[in-house]
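Heads up, the thing below is written out as C-alpha cells.
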Amino acid sequence: MGTPHISAMPGEIAKTVLMPGDPLRAEFIAKNWLTDVKLVSKVRNIYAFTGKFEGKEVTVMASGMGMPSIGIYSYELFSQYGVERIIRIGSAGAYSERLKLYDVVLAEECWSESSFSRTQNGDEADIKYPDPELNQAILEAGKVSGIEVIPAKIHSSDVFYSEPGMDSFQEIYAKHGSECVEMESFALFHNAKVLGKKAACLLTISDSFTTGEKATVEERQEAFGSMMKVALKTAAMMAE
C-alpha cells in the first residue's frame with residue numbers, strides 16, 4: 001500500500017493517532033510510553049510508531065510544522081489508512097494571562113486567517129471545531145489522570161514571524177478571543193470534517209506573550225509529560 005508520504009502497510013497504523021509536530025518527540029513518546037513498539041513509517045524522517053498503551057493499540061506519528069504538513073499527513077491517515085481519530089499534541093504561546101507556562105490546553109475551537117480550507121474545498125469559514133465526543137473523552141482522561149485540562153479558544157496561524165504593522169497578539173485576542181497560538185489545528189479540524197472523522201488538539205503552553213516567559217528545550221520535554229499522559233489515556237479509552 002503506502003502513499004507518497006507514508007510507507008506503512010495495511011493494518012500497521014492504529015485507529016487512534018497522536019500527532020506531535022517533531023519526529024524526535026514522536027520517537028520519545030513511543031520509546032518511553034508504549035510497549036511492543038514498531039517503526040511503521042519514516043518517509044522524509046517523519047516517524048510513525050505503533051505500539052500499545054495499557055494494552056490498547058495506538059500510533060504516534062509526527063505531523064511536521066504548519067498546516068500544509070499536517071494537512072497532508074492527516075488527510076492520508078484518514079482517507080488511506082482507516083484512522084478514525086487524530087489528537088494533535090503540541091506547544092503553544094499564551095496570548096492571555098489566564099494561561100500559564102506548562103498549562104495543558106484543549107482547543108474548543110480555533111480561529112485562523114489561513115486560506116487552507118478555502119483552497120482545499122472552498123470552505124470560507126474562519127473558525128473550525130474539534131469533535132465534541134473526542135474532546136469530552138480528553139477531559140475525562142484528564143480527570144482520571146489527575147491532570148487539569150483547560151478548554152480555550154485558540155489561534156491557528158500560518159505565520160511564525162510576522163512583520164511590524166500586522167495585528168499584535170493583543171489585537172488578535174481582543175478581536176477573536178483566542179487565548180493561545182499554534183500552527184496546525186485549523187487544517188486538522190478541516191480535514192476531519194471533510195472526511196467524516198474525529199480530531200482534537202491538546203497543547204502545552206511553552207511560552208507566554210504576556211509575561212515573556214519561555215521554557216527551555218529540556219523543560220519542554222519534561223513538562224509535556226502531562227499532555228502525553230492525557231492523550232495516551234484518551235487513546236486507550238477510545239480504543240475499539
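We find that Asp167 and Lys175 are joined by a salt bridge, their nearest charged nitrogen and carboxylate oxygen being less than 4.0 Å apart. A salt bridge links Lys233 and Glu54; the closest N-O separation between the charged side-chain nitrogens and carboxylate oxygens is under 4.0 Å.
Side-chain contact, Thr59 with Thr50: a donor N or O sits under 3.5 Å from an acceptor N or O. Side-chain N/O atoms of Thr3 and Gln80 include no donor and acceptor closer than 3.5 Å.
When all heavy atoms of Ser117 and Asp123 are compared, the pair lying nearest together is OG-O, 2.9 Å. When all heavy atoms of Ala62 and Gly21 are compared, the closest pair comes out as CB-O, 3.7 Å. In terms of heavy-atom proximity, Lys153 sits nearest to His176 at NZ-O, 2.7 Å. Closest heavy-atom contact between Ser156 and Ser112: O-OG, 2.5 Å. Scanning all heavy atoms of the two residues, the minimum distance from Asp158 to Ser115 falls at OD2-N, 4.1 Å. In terms of heavy atoms, Arg85 sits closest to Val83 at O-CG1, 3.5 Å.
In this structure the side chain of Arg88 reaches within 4.5 angstrom of the side chain of Leu203, judged on heavy atoms. When side chains are defined from C-beta on, Lys38 counts as touching Glu12, because their heavy atoms get closer than 4.5 Å. With a 4.5 Å cut-off on side-chain heavy atoms, Ser226 and Thr204 do not count as touching. Contact of the Met228 side chain with the Phe28 side chain is registered, since non-hydrogen atoms from C-beta on lie closer than 4.5 Å. Here the side chains of Phe169 and Thr210 are in contact, with some heavy-atom distance below 4.5 Å. The side-chain heavy atoms of Pro151 and Leu139, taken from C-beta on, include a pair separated by under 4.5 Å. Side-chain contact between Ser91 and Glu182: absent, with no pair of heavy atoms (C-beta onward) separated by less than 4.5 Å.
Cluster annotation: Val159 and Tyr173 are assigned to distinct hydrophobic clusters (Ile/Leu/Val/Met/Phe/Trp/Tyr, side-chain heavy-atom contacts under 4.5 Å, transitive). One hydrophobic cluster, built from ILVMFWY side chains closer than 4.5 Å, holds both Leu202 and Ile147. With hydrophobic clusters built from ILVMFWY side chains whose heavy atoms lie under 4.5 angstrom apart, Tyr129 does not share a cluster with Phe186. Grouping the Ile, Leu, Val, Met, Phe, Trp and Tyr side chains by contacts below 4.5 angstrom, directly or via other members, places Val194 with Phe78. Under the 4.5 Å side-chain heavy-atom criterion for Ile, Leu, Val, Met, Phe, Trp and Tyr, Phe224 and Val58 are members of the same hydrophobic cluster.
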>> Test side chain to side chain contact (heavy atoms under 4.5 Å, CB included) on Leu106 and Val230; report intermediate values, then the result.
In response: CA-CA 11 Å; Leu106 176 64; Val230 174; over 6 Å; no

> Should Lys128 and Glu109 be marked as a salt bridge (Lys or Arg N to Asp or Glu O under 4.0 Å) after you check the CA-CA gap, both sets of side-chain angles, and the distance that decides it?
Replying inline: CA-CA 6 Å; Lys128 303 297 179 191; Glu109 61 181 78; over 6 Å; no

>> Is there a side chain to side chain contact (heavy atoms under 4.5 Å, CB included) between Ile6 and Tyr81? Walk through the geometry before answering.
In response: CA-CA 10 Å; Ile6 305 171; Tyr81 285 94; 3.6 Å; yes

> For Ile86 and Met61, what are the C-alpha separation, side-chain angles and deciding distance, and is it a side chain to side chain contact (heavy atoms under 4.5 Å, CB included)?
Replying inline: CA-CA 10 Å; Ile86 294 176; Met61 180 176 175; over 6 Å; no

>> Between Asn191 and Ile70, does the side chain to side chain contact (heavy atoms under 4.5 Å, CB included) criterion hold? Intermediate values first, please.
In response: CA-CA 10 Å; Asn191 279 351; Ile70 198 171; over 6 Å; no

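Here Ser69 contributes atom OG and Met183 contributes atom CE; the two are 11.0 Å apart, rounded to the nearest 0.5 Å. In this structure, OH in Tyr75 is found 11.0 Å from NZ in Lys197, a value given to the nearest 0.5 Å. To the nearest 0.5 Å, atom SG of residue Cys201 and atom CG of residue Leu134 are 11.0 Å apart. Rounding to the nearest 0.5 Å gives a distance of 8.5 Å between CG of Leu101 and CD1 of Ile205. Note that CE of Met227 is 12.5 Å distant from CG of Asp103, once rounded to the nearest 0.5 Å. Interatomic distance, OG of Ser208 versus CG of Leu99, reported as 8.5 Å (0.5 Å rounding).
Around the CZ atom of Arg98, the shell of radius 6.0 Å holds more than 12 heavy atoms that belong to other residues, nucleotides or ligands. Surrounding CD of Glu171 are more than 12 heavy atoms belonging to other residues, nucleotides or ligands, all under 6.0 Å away.
In this structure, the side chain of Tyr73 does not engage the main chain of Met19 through any donor-acceptor pair within 3.5 Å. In terms of modelled atom types and a separation under 3.5 Å, the side chain of Glu179 and the main chain of Ile154 share no donor-acceptor contact.
Taking the six-membered ring for Trp and thresholds of 30 and 60 degrees, Trp111 and His155 have ring planes inclined between 30 and 60 degrees apart. Note: Tyr95 and Phe209 have perpendicular aromatic rings, judged against thresholds of 30 and 60 degrees for the angle between ring planes.
By the side chain to side chain contact (heavy atoms under 4.5 Å, CB included) test, Val43 is found to be paired with Ser7, Ser41, residues two or more places apart in sequence or in another chain being considered.
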